[in-house]
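Every heavy atom of this structure was used, including side-chain atoms; hydrogens, water molecules and symmetry mates were not.
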Protein chains: 2
Amino acid sequence: MSTTTRREAVRQALDASAGFRSAQDLYAALRAEGSKIGLTTVYRALQALSDSGEIDVLRTDDGEAVYRACGSESHHHHLVCRVCSTAVEVEGPAVERWAAEMGEAHGFTGVTHSVEIFGTCGPCSRRA
Amino acid sequence: MSTTTRREAVRQALDASAGFRSAQDLYAALRAEGSKIGLTTVYRALQALSDSGEIDVLRTDDGEAVYRACGSESHHHHLVCRVCSTAVEVEGPAVERWAAEMGEAHGFTGVTHSVEIFGTCGPCSRRA
DNA sequence: ACGAAAACGAAAATGATTGTCAAAACACCC
DNA sequence: GGGTGTTTTGACAATCATTTTCGTTTTCGT
Ligand SMILES: [Zn+2]
Ligand SMILES: [Zn+2]
Ligand SMILES: [Zn+2]
Ligand SMILES: [Zn+2]
């Protein structure tokens, strides 16, 4: 139950980033700063953290899983920069309602939703 | 430019299905019904069809790409069954507006969004 | 029918993710 | 401190969807 050292290292690496990062990416960063952590362990840590709801995960266009340690643990969505992958947490009560209604209207049960907004953030837009 | 025979076969296989299908899946189905089509060609056809906006694509939880020939070519979203992957096309003007506003409010440009609703459809719910 | 260009498909390459398994780190007890 | 059963770790192999390669076959215009 206690927070493992390795797992803590992965979490810190995530905390240090404002955007979504991939497992491979985090692994490279950790090794670069001297850690002897293994790739397998990074995957395991991310799996555990996302299972426990401590971090959010989403898929990039090419199917790669990317993770983020968000400030809020409550349900929210993201506005993600396509260039630097920085993300802003956003909420949308209207969207929550809409999704639930749609599901119910068509007789679906156990309804959930996946909502992400993509774009190019201010700094990256200017730089282009 | 003309619609290739192979590409047409892939499209028909998709038309015949109410839900989202993976490339591997479509390949197996086509071979099963006697076609000599190659896996590479299925991937190429799906790529071309989705590039031209003729079919929709999304990623399953485990990152696999799945495709669907939707009735409407205009912008819409999906309510997808987790069990049989059948999908219903849905629209949400409020969501469109919300996503655009969020992007603008945070200084993002070229804003797009990805919105899907998941659940278990009526038939599959009953069967459980 | 003839040659260039486009489409095909088999097989190899890629790349993220997962499975295996023995070694290392821990925890608890004597 | 040493013994010992449990958990964590990491090197390496195995998966598996997707992409590349690269000859071969078709299609097309002439
Ligand atoms: Zn978040
Ligand atoms: Zn939501
Ligand atoms: Zn659709
Ligand atoms: Zn939309």
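Nucleotide dT20(D) holds its P atom 12 Å from the CG atom of Asp62(A), rounded to whole Å. The separation between Arg44(B) atom CZ and dT21(D) atom C1' is 10 Å, rounded to whole Å. Rounded to a whole Å, the CZ atom of Arg7(A) is 12 Å from the C1' atom of dT8(D). Between Leu39(A) atom CG and dT20(C) atom C1' there is a gap of 15 Å when expressed in whole angstrom units. Atom C1' of nucleotide dC16(D) and atom CG of Asp61(B) are separated by 17 Å, given to the nearest angstrom. In this entry the distance linking CD of Gln24(A) with P of dT18(C) reads 11 Å, nearest Å.
For Arg31(B), taking side-chain heavy atoms from C-beta onward, the closest of the listed nucleotides dA10(C), dT17(C), dT18(D) is dA10(C). Here the side chain of Arg59(B) is nearest to one of dG9(C), dT17(C), dT18(D), namely dT18(D). Among the nucleotides dA11(C), dC8(C), dT17(C), the one closest to any side-chain atom of Thr40(B) is dA11(C). Distance from the side chain of Tyr43(B) is smallest to dT19(D) among dT19(D), dT17(C), dT9(D).
Aromatic rings of His78(A) and Phe20(A) (six-membered ring for Trp) have centroids within the 6.0 Å cut-off, being under it. Separation of the His77(A) and His113(A) ring centroids falls under the 6.0 Å cut-off.
The backbone N or O of Cys124(A) sits nowhere less than 3.5 Å from a side-chain atom of Thr120(A) that would complete a donor-acceptor pair.
No more than 12 heavy atoms of other residues, nucleotides or ligands shown are found within 6.0 angstrom of CG on Asp61(B).
Base pairing analysis places dT8(D) opposite dA23(C); the two distances defining the Watson-Crick or G-U wobble pair are each below 3.5 Å.
Distances shorter than 4.0 Å separate some side-chain N or O of Arg6(A) from OP1 or OP2 on dG10(D).
For Ser22(A) against dA16(C), no side-chain N or O and base N or O form a donor-acceptor pair under 3.5 Å.
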